[in-house]
There are 2 protein chains.
Amino acid sequence: MSRDVRVRFGERLREVRTGHGISQERLAALAELHRTFVSLIERGERNVTLQTVEKLALALDVEMAELMPVQEQ
Amino acid sequence: MSRDVRVRFGERLREVRTGHGISQERLAALAELHRTFVSLIERGERNVTLQTVEKLALALDVEMAELMPVQEQ
DNA sequence: GTGTGACTTAAAGTCCGTC
DNA sequence: AGACGGACTTTAAGTCACA
């Protein structure tokens, strides 16, 4: 069984965000999301919707697909 | 301004589902979702969560990223 | 700069049905 | 096989104070 998609997405988001060298606060501002909400997402405690994924992707200037975790065995 | 992510995702899902030659009802059963919900999604009336995207991807045997719509101008 | 618990309200998702 | 409606339950969105 694969780990929770929330956790895998959170890890993926953190990878991309740190790869861009920006803070959670900065990402939150760019995506027009609350700072604590970004924190919750990266810790795998929120099962985000596609609209939130889109906001994050636009803020990070990547395709939504790039934020998707890969299926695990 | 890009069209709503819900509409774009619904179109993408329908493409992949019909590409697999299965009905909404069959997809719903495979993904353990309700047939009415799959209908709502394909019509762009639901902003699905990552857990739902994962269920659909597993049911269709594709990566979650393959169900993601591409950013429009 | 980030983690966390608690909270309200908006929307996801279910289940019955008809056309 | 799929669109659509109504009523319902559950959960995400979004925010706050505080650590």
Side-chain angles (χ1 to χ4, degrees), chain A residues 1-69 71, chain B residues 1-69 71:
Chain A
M1 185 57 185
S2 191
R3 288 175 309 135
D4 196 305
V5 68
R6 291 174 292 196
V7 173
R8 284 149 46 215
F9 179 76
E11 288 173 355
R12 185 78 193 108
L13 177 62
R14 186 164 290 186
E15 279 175 15
V16 177
R17 174 180 63 81
T18 57
H20 282 240
I22 65 174
S23 67
Q24 286 183 355
E25 282 184 332
R26 179 73 183 136
L27 172 57
L30 289 170
E32 295 180 291
L33 296 172
H34 204 275
R35 163 188 86 71
T36 59
F37 188 43
V38 173
S39 173
L40 287 165
I41 296 168
E42 289 195 357
R43 282 179 288 129
E45 299 192 6
R46 279 294 185 280
N47 177 27
V48 298
T49 65
L50 287 182
Q51 278 185 342
T52 300
V53 173
E54 185 181 38
K55 284 184 181 180
L56 292 167
L58 288 170
L60 291 165
D61 194 31
V62 296
E63 289 291 334
M64 292 173 68
E66 289 190 56
L67 294 180
M68 288 299 109
Q71 293 300 342
Chain B
M1 183 57 184
S2 190
R3 288 176 308 136
D4 196 304
V5 68
R6 291 174 292 194
V7 173
R8 284 149 46 214
F9 179 75
E11 289 173 353
R12 184 78 193 109
L13 177 62
R14 183 163 291 185
E15 280 176 13
V16 176
R17 174 179 65 79
T18 56
H20 282 240
I22 64 174
S23 68
Q24 286 183 355
E25 284 186 334
R26 178 72 182 139
L27 173 57
L30 288 170
E32 295 180 290
L33 296 170
H34 277 258
R35 66 183 168 78
T36 56
F37 189 42
V38 173
S39 174
L40 285 166
I41 296 169
E42 289 195 356
R43 283 180 285 133
E45 298 188 11
R46 280 297 183 277
N47 177 27
V48 299
T49 65
L50 287 182
Q51 280 184 341
T52 299
V53 174
E54 185 182 37
K55 284 183 180 182
L56 292 167
L58 288 170
L60 292 166
D61 195 32
V62 296
E63 289 291 334
M64 292 172 68
E66 289 190 55
L67 294 180
M68 289 301 108
Q71 293 299 344

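In this text, all values refer to a predicted model and were calculated from it rather than measured experimentally. Chain A is the first sequence line, chain B the second, and so forth, proteins listed ahead of strands; every chain is numbered from 1. Just the heavy atoms: all of them, side chains too, but no hydrogens, waters or symmetry mates, feed the values below.
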Return the residues of residues 10-34 of chain A meeting this criterion: a heavy atom under 4.0 Å from some atom of DNA chain D. Order them by number, or give none.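 Listed by number, they are Leu33(A), His34(A).
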OP1 or OP2 of dG3(C) under 4.0 Å from side-chain N/O of Ser39(A): yes
Between Arg43(B) and dC4(D), is there a side-chain N or O to OP1/OP2 distance below 4.0 Å? yes
Rounding to a whole Å, what distance do you find between [X]:[atom1] and [N]:[atom2]?
X        : N       : atom1 : atom2 : result
Glu42(B) : dA3(D)  : CD    : P     : 7 Å
Lys55(B) : dA12(C) : NZ    : P     : 15 Å
Leu40(B) : dC4(D)  : CG    : P     : 10 Å
Arg35(B) : dT14(C) : CZ    : P     : 12 Å

Going by the rule salt bridge (Lys or Arg N to Asp or Glu O under 4.0 Å), which residues pair with Arg26(B) if we only count those two or more places apart in sequence or in a different chain?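 Per chain and number, Arg26(B) pairs via salt bridge (Lys or Arg N to Asp or Glu O under 4.0 Å) with no residue.
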Close side-chain approach of [X] to [Y], heavy-atom, < 4.5 Å:
X        : Y        : answer
Leu27(B) : Leu13(B) : yes
Met68(A) : Leu50(B) : yes
Ile22(B) : Leu30(B) : yes

With sequence neighbours excluded, what pairs up with Arg14(A) under the side-chain contact (heavy atoms from CB on, under 4.5 Å) test? Arg17(A), Thr18(A), Gln24(A), Glu42(A), Arg43(A)
Set of side-chain contact (heavy atoms from CB on, under 4.5 Å) partners for Val62(A), sequence neighbours left out: Val16(A), His20(A), Ala57(A), Leu60(A), Glu66(A), Leu67(A)
Within residues 46-61 of chain B or reaching into it, pairs that qualify as salt bridge (Lys or Arg N to Asp or Glu O under 4.0 Å) - sequence neighbours excluded: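 For residues 46-61 of chain B: Arg8(A)-Glu54(B).
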List every contact pair, protein side and nucleotides 8-12 of chain D side both N or O, where the distance is under 3.5 Å.
from: dA12(D); atom 1: OP1; to: Asn47(A); atom 2: ND2; distance (Å): 3.3
from: dA12(D); atom 1: O3'; to: Asn47(A); atom 2: O; distance (Å): 3.4

Can you tell me how far OG1 of Thr52(A) sits from CZ of Phe9(A), rounded to the nearest 0.5 angstrom? 8.5 Å
